[in-house]
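Heads up, the thing below is written out as structure tokens.
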Amino acid sequence: MTRSVLIVSPNAAVAAAIEQSFAADPDIRIAREATTLARMNGHAAEAASRFDMILFETRPEVASDVEAIRTMAANRTPGTRLVALADADITLSEVRLLTEAGADEVLPLAGDGSRSRASRDRHAEPAAAPDRHGRIIAVVQARGGIGSTTVAVNLADQLVQGAGLARKAARPKVALVDLDLQFGSVGTLLNLEEQDTLHQLALDGTVPDGHFLAQSMPVLDSGLAVLAAPAKFAPLESLRSDQVAAILDNLRAAHDYVVVDLPRAFVSWIEPVVERTDELMVVTDLSVASVRHCRRLIDFFTQDNPALPVELVVNHRRKPLMTSSLQREVAKALERPLKHWLPHDARAADAAGGRGEPLSRAAPRSSLGRAMTRLASSTRTSLSVAAPSTQN
Ligand SMILES: Nc1ncnc2c1ncn2[C@@H]1O[C@H](COP(=O)(O)OP(=O)(O)OP(=O)(O)O)[C@@H](O)[C@H]1O
Ligand SMILES: [Mg+2]
């Protein structure tokens with residue numbers, strides 16, 4: 001008999017690991033909710049009546065989570081098992097709190113996000129319990145047309161392919177967001193149908209939740225989820241900070257990486273982006289005007305977070321064999337090495353643009369395609385997803 005299992009976790013790695021542990025059983029049908037129990041609201045009660053088992057990641061110290069367990073327990077059909085997944089260092093009194101609220105079982109999460117072992121004896125094994133969420137990479141440009149959207153699109157596309165992982169299910173989850181509301185070209189570069197989502201949010205002023213975003217964002221064959229700029233004209237200031245914050249928070253809860261293409265103009269809702277950025281990627285050339293603008297961008301993003309990693313990407317230039325005095329001066333002015341170089345490769349760029357495909361499909365072996373692979377590989381290393389986040 002088929003049994004249905006719902007996995008509720010904002011953490012894609014945890015959800016994937018649990019799903020994997022059921023993979024050998026063909027009679028189990030798995031559904032996922034990439035959110036927290038509390039954020040499911042009334043939906044949690046409804047889920048309790050529909051599934052045979054609900055596995056949910058929870059934090060006993062979050063009162064709304066415990067309340068959601070109570071609601072599920074009260075609404076479940078007889079036989080539905082509620083299984084709480086908690087940090088491995090959960091205390092016995094916290095376990096009691098969860099079971100009293102209605103959880104049938106409490107399983108500790110291992111450090112790698114997989115189930116360690118059933119804690120039938122209600123005893124948790126000590127293991128690192130990372131508080132993980134996806135990394136936000138903000139891509140900005142030193143001047144118009146320098147190639148920042150090309151970088152954002154291809155970086156996201158390369159990140160979603162994973163580091164040589166064979167199985168698609170084990171690939172990282174990646175979202176690409178075009179916040180260049182007026183001139184955004186992510187949708188065009190990926191040949192997507194026009195999207196209305198950001199325009200709708202701007203019009204009705206609602207704060208989006210994870211469900212809304214998951215439903216509105218098309219997912220490409222590669223697995224990349226895309227939130228494109230509106231097709232209709234939307235003033236840059238038509239989004240509010242709390243809306244942008246909610247977009248980023250929900251996306252990073254459900255993805256390992258969130259790549260954000262930003263407009264050149266400074267906008268009122270930039271603050272939540274700056275606060276949440278885990279890595280700033282600045283696409284530039286070596287002209288005086290561009291370098292000045294880079295400096296302003298870097299200062300702006302690092303003023304409250306001096307330790308923010310900043311990666312400089314020099315576009316339209318092959319990596320030089322020897323460092324020139326100009327390059328040394330630029331690196332000095334920006335207080336960072338000119339680490340990444342993307343060669344000028346009009347043929348590859350045109351092929352990708354013309355077909356509406358990322359370079360990995362349109363021109364994978366081109367010099368530009370290979371440079372993007374290197375950029376993603378370096379980003380993956382510097383932003384090791386497993387590392388605990390310093391922000392909240
Ligand atoms: N390394 C490169 N070699 C050749 N062409 C490139 C390269 N990088 C980008 N391009 C091309 O330059 C043009 C502008 O690129 P893109 O849209 O990515 O720039 P942008 O900085 O996002 O521009 P905007 O200011 O409009 O947002 C595109 O036609 C793109 O294909
Ligand atoms: Mg652009």
Side-chain angles (χ1 to χ4, degrees), residues 12 34 133-141 147-162 168 171-199 201 208 210 212-231 239 243-264 269-270 272-273 276-283 311 313 342 349 352-353 355-362 368-369 372-373 375-377 379-380 383 385:
H133 58 61
R135 299 308 163 115
I136 296 183
I137 304 166
V139 183
V140 294
Q141 51 173 196
S148 53
T149 301
T150 303
V151 168
V153 164
N154 288 287
L155 176 65
D157 168 67
Q158 289 282 342
L159 287 174
V160 86
Q161 324 261 344
K168 211 169 175 179
R171 287 180 177 182
K173 297 206 97 189
V174 184
L176 172 62
V177 186
D178 193 349
L179 288 182
D180 190 355
L181 299 183
Q182 294 183 318
F183 304 110
S185 55
V186 164
T188 319
L189 275 183
L190 290 172
N191 198 21
L192 292 172
E193 279 185 25
E194 292 185 346
Q195 278 180 46
D196 221 17
T197 311
L198 286 174
H199 190 247
L201 289 179
F212 174 81
L213 290 168
Q215 277 161 15
S216 347
M217 290 169 68
V219 178
L220 306 182
D221 284 348
S222 61
L224 180 64
V226 186
L227 184 57
L239 283 182
Q243 293 177 302
V244 172
I247 290 172
L248 297 180
D249 286 343
N250 283 300
L251 289 181
R252 74 174 164 181
H255 297 85
D256 297 305
Y257 301 99
V258 181
V259 179
V260 186
D261 192 10
L262 286 171
R264 190 164 144 76
W269 46 259
I270 196 73
V273 182
R276 284 162 180 76
T277 296
D278 294 298
E279 180 174 293
L280 178 69
M281 193 157 275
V282 188
V283 186
E311 300 288 322
V313 182
L342 303 174
R355 286 160 60 173
E357 284 182 346
L359 287 156
S360 68
R361 290 187 75 120
L368 186 55
M372 288 295 181
T373 309
L375 179 65
S377 154
T379 304
R380 219 177 273 126
L383 273 183
V385 171

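In this structure the side chain of V160 never reaches within 4.5 angstrom of the side chain of L220, judged on heavy atoms. Residues V139 and V313 form no side-chain contact, since every pair of their non-hydrogen atoms from C-beta on lies 4.5 Å or further apart. Side-chain contact between R380 and Y257: present, with at least one pair of heavy atoms (C-beta onward) separated by less than 4.5 Å. Counting heavy atoms from C-beta outward, N154 and L368 have side chains that stay 4.5 Å or more apart. Counting only heavy atoms from C-beta outward, the side chains of V174 and H255 never approach each other to under 4.5 Å. Annotation: side chain of D249 is in contact with side chain of R276 (closest heavy-atom distance under 4.5 Å). Side-chain contact between E311 and I137 is absent, with no heavy atoms from C-beta onward closer than 4.5 Å.
For E279, there are no salt bridge (charged side-chain N to carboxylate O under 4.0 Å, His left out) partners, not counting sequence neighbours. When the side chain to side chain donor-acceptor pair (under 3.5 Å) test is applied to N191, no partner is found at least two apart in sequence or on another chain. Judged as a side-chain contact (heavy atoms from CB on, under 4.5 Å), and not counting sequence neighbours, the contacts of Q158 are S360, M372, T373, A376. Listed by chain and residue number, A138, V140, L179, V260, W269, I270, V273, F301 satisfy the side-chain contact (heavy atoms from CB on, under 4.5 Å) test with L262 (two or more places apart in sequence, or in another chain). Remark: A228 engages Q195 in a side-chain contact (heavy atoms from CB on, under 4.5 Å) (not counting sequence neighbours). Applying the side chain to side chain donor-acceptor pair (under 3.5 Å) criterion to T197, with sequence neighbours excluded, gives no partner residue. Remark: S148 engages Q141 in a side chain to side chain donor-acceptor pair (under 3.5 Å) (not counting sequence neighbours). In this structure, the side-chain contact (heavy atoms from CB on, under 4.5 Å) partners of D178, at least two apart in sequence or on a different chain, are D180, V186, A229, D261. Residues that satisfy the side chain to side chain donor-acceptor pair (under 3.5 Å) test with R361, not counting sequence neighbours, are absent from this structure.
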Determine whether V283 and L342 satisfy the following criterion, side-chain contact (heavy atoms from CB on, under 4.5 Å), listing intermediate values before the conclusion. CA-CA 10 Å; V283 186; L342 303 174; 5.6 Å; no
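Counting only residues at least two apart or in different chains, salt bridge (Lys or Arg N to Asp or Glu O under 4.0 Å) contacts with residues 187-199 comprise D196-K232.
What you find for L248 and P272 is that their closest heavy atoms are CD1-O, 4.2 Å.
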